Amino acid sequence: FHLSEFLEVWQDSLPDGMVAELSSLKGVALVSKESHPSTISYLPASDLPVDPAKRFSYLFSRKERWTHEDIIPYLEDLIGPGQTVNALLLKHCRSTTDPATKTKVYNSKIRNL
């Protein structure tokens with residue numbers, strides 16, 4: 001869906017006084033601002049593979065570069081006692097800094113997914 005159209009329909013469906021916020025959809029919907037126009041698609045974390053390597057492979061097949069904020073909701077259920085999200089990211093991703101936004105982004109360590 002086009003993001004702007006989705007947000008408009010979503011806002012119109014909410015009761016007066018409520019505001020449609022994309023942060024409410026973390027781990028449920030994938031927003032792609034790289035495409036023009038920006039899009040949104042259904043991607044619930046609960047439907048993703050349980051195996052971390054397979055999950056990362058799937059996520060990077062859907063989106064090449066992820067910000068920390070965007071990828072975390074898709075990893076939280078993989079973290080067990082004594083584990084951290086950062087350790088999982090270090091094992092399965094490489095990080096770079098986007099020169100345009102100065103934001104850290106994560107890419108797959110595996111080439112040509």
Side-chain angles (χ1 to χ4, degrees):
F1 298 101
H2 290 151
L3 181 59
S4 59
E5 292 173 7
F6 174 84
L7 289 172
E8 183 179 331
V9 171
W10 184 22
Q11 184 62 53
D12 289 346
S13 69
L14 293 174
D16 287 340
M18 291 190 73
V19 178
E21 295 183 19
L22 283 177
S23 61
S24 300
L25 300 179
K26 296 260 183 227
V28 177
L30 178 61
V31 174
S32 176
K33 293 184 179 175
E34 293 83 23
S35 61
H36 298 286
S38 296
T39 61
I40 188 167
S41 57
Y42 183 60
L43 183 62
S46 60
D47 287 356
L48 297 177
V50 177
D51 175 69
K54 290 180 181 177
R55 180 166 305 189
F56 276 98
S57 178
Y58 183 79
L59 289 172
F60 287 119
S61 76
R62 294 290 307 263
K63 184 176 175 179
E64 186 178 336
R65 298 165 13 130
W66 292 76
T67 64
H68 192 269
E69 179 184 349
D70 289 342
I71 202 168
I72 295 304
Y74 292 103
L75 305 178
E76 290 174 330
D77 64 321
L78 297 178
I79 307 304
Q83 296 178 322
T84 66
V85 171
N86 288 335
L88 196 61
L89 288 168
L90 185 62
K91 181 176 180 178
H92 296 279
C93 306
R94 79 174 60 133
S95 66
T96 57
T97 301
D98 184 319
T101 63
K102 306 291 188 233
T103 303
K104 182 185 270 192
V105 293
Y106 296 94
N107 311 59
S108 174
K109 282 188 173 180
I110 302 168
R111 295 194 186 275
N112 300 326
L113 284 177

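Predicted, not measured: the structure shown is a model, and the values here were computed from it. As a basis for the values below, the full set of heavy atoms in this structure was taken, side chains included, without hydrogen atoms, waters or symmetry mates.
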- Linking I/L/V/M/F/W/Y whenever any side-chain heavy atoms sit under 4.5 Å apart, do L59 and V31 land together? no

- Query: Do you reckon L14 sits in the same ILVMFWY cluster as I40, going by side-chain contacts under 4.5 Å, direct or chained?
  - Reply: yes

- Message: Could you go through L88 and Q83, starting from their C-alpha distance and side-chain angles, then the distance that decides it, and tell me whether this counts as side chain to side chain contact (heavy atoms under 4.5 Å, CB included)?
- Response: CA-CA 8 Å; L88 196 61; Q83 296 178 322; over 6 Å; no

- List the steps and the verdict of side chain to side chain contact (heavy atoms under 4.5 Å, CB included) for L3 and T39. CA-CA 5 Å; L3 181 59; T39 61; 5.8 Å; no

- Message: Looking at every non-hydrogen atom in both residues, tell me the closest pair between P73 and G27 and how far apart they are.
- Response: CB-N, 3.5 Å

- Does V19 share a hydrophobic cluster with L22, counting links as ILVMFWY side-chain heavy atoms below 4.5 Å and allowing steps through other members? no

- Taking atom NZ of K26 and atom CD of E76, what is their separation to the nearest 0.5 Å? 11.0 Å

- Query: For R62 and S41, does a side-chain donor sit closer than 3.5 Å to a side-chain acceptor?
  - Reply: yes

- Item | Spatial distance of atom NE2 (H92) from atom OG (S57) [nearest 0.5 Å] | 11.0 Å

- Message: In the structure I gave you, are the side-chain heavy atoms of D77 and R55 within less than 4.5 Å of one another anywhere?
- Response: yes

- Is L78 close to V85 at the side-chain level, that is, under 4.5 Å between some pair of heavy atoms? no

- Close side-chain approach of W10 and L25, heavy atoms under 4.5 Å: yes

- Message: Rounded to the nearest 0.5 Å, what separates atom NZ in K104 from atom CG in L89?
- Response: 8.5 Å

- Query: Linking I/L/V/M/F/W/Y whenever any side-chain heavy atoms sit under 4.5 Å apart, do Y106 and L90 land together?
  - Reply: no

- From C93 atom SG to F60 atom CZ, the distance as rounded to the nearest 0.5 Å: 3.5 Å

- So F6 and F1, would you call those rings parallel, tilted or perpendicular, with 30° and 60° as cut-offs? tilted

- Query: Going through the checks in order, is the side chain to side chain contact (heavy atoms under 4.5 Å, CB included) test met by V105 and T97?
  - Reply: CA-CA 6 Å; V105 293; T97 301; over 6 Å; no

- Is it true that atom CD of Q11 has more than 12 heavy atoms of other residues, nucleotides or ligands lying nearer than 6.0 Å? yes

- Query: Which heavy-atom pair separates K91 from K109 by the least distance, and what is that distance?
  - Reply: O-NZ, 3.5 Å

- Task: Begin from the C-alpha positions of I71 and L75 and carry the test side chain to side chain contact (heavy atoms under 4.5 Å, CB included) through to its verdict.
- Result: CA-CA 7 Å; I71 202 168; L75 305 178; 4.1 Å; yes

- Run the salt-bridge test on D98 and R65 with the 4.0 Å N-O cut-off and return the result as yes or no. yes

- Query: In terms of side-chain geometry, is the basic nitrogen of K33 or D70 positioned less than 4.0 Å from the acidic oxygen of its partner?
  - Reply: no

- Any side-chain heavy atom of L30 sitting closer than 4.5 Å to one from Y42? no

- Rounded to the nearest 0.5 angstrom, the CZ-OG distance for F56 and S108 is 9.5 Å

- Query: Got a second to check how far L48's CG is from Y58's OH, nearest 0.5 Å?
  - Reply: 6.5 Å

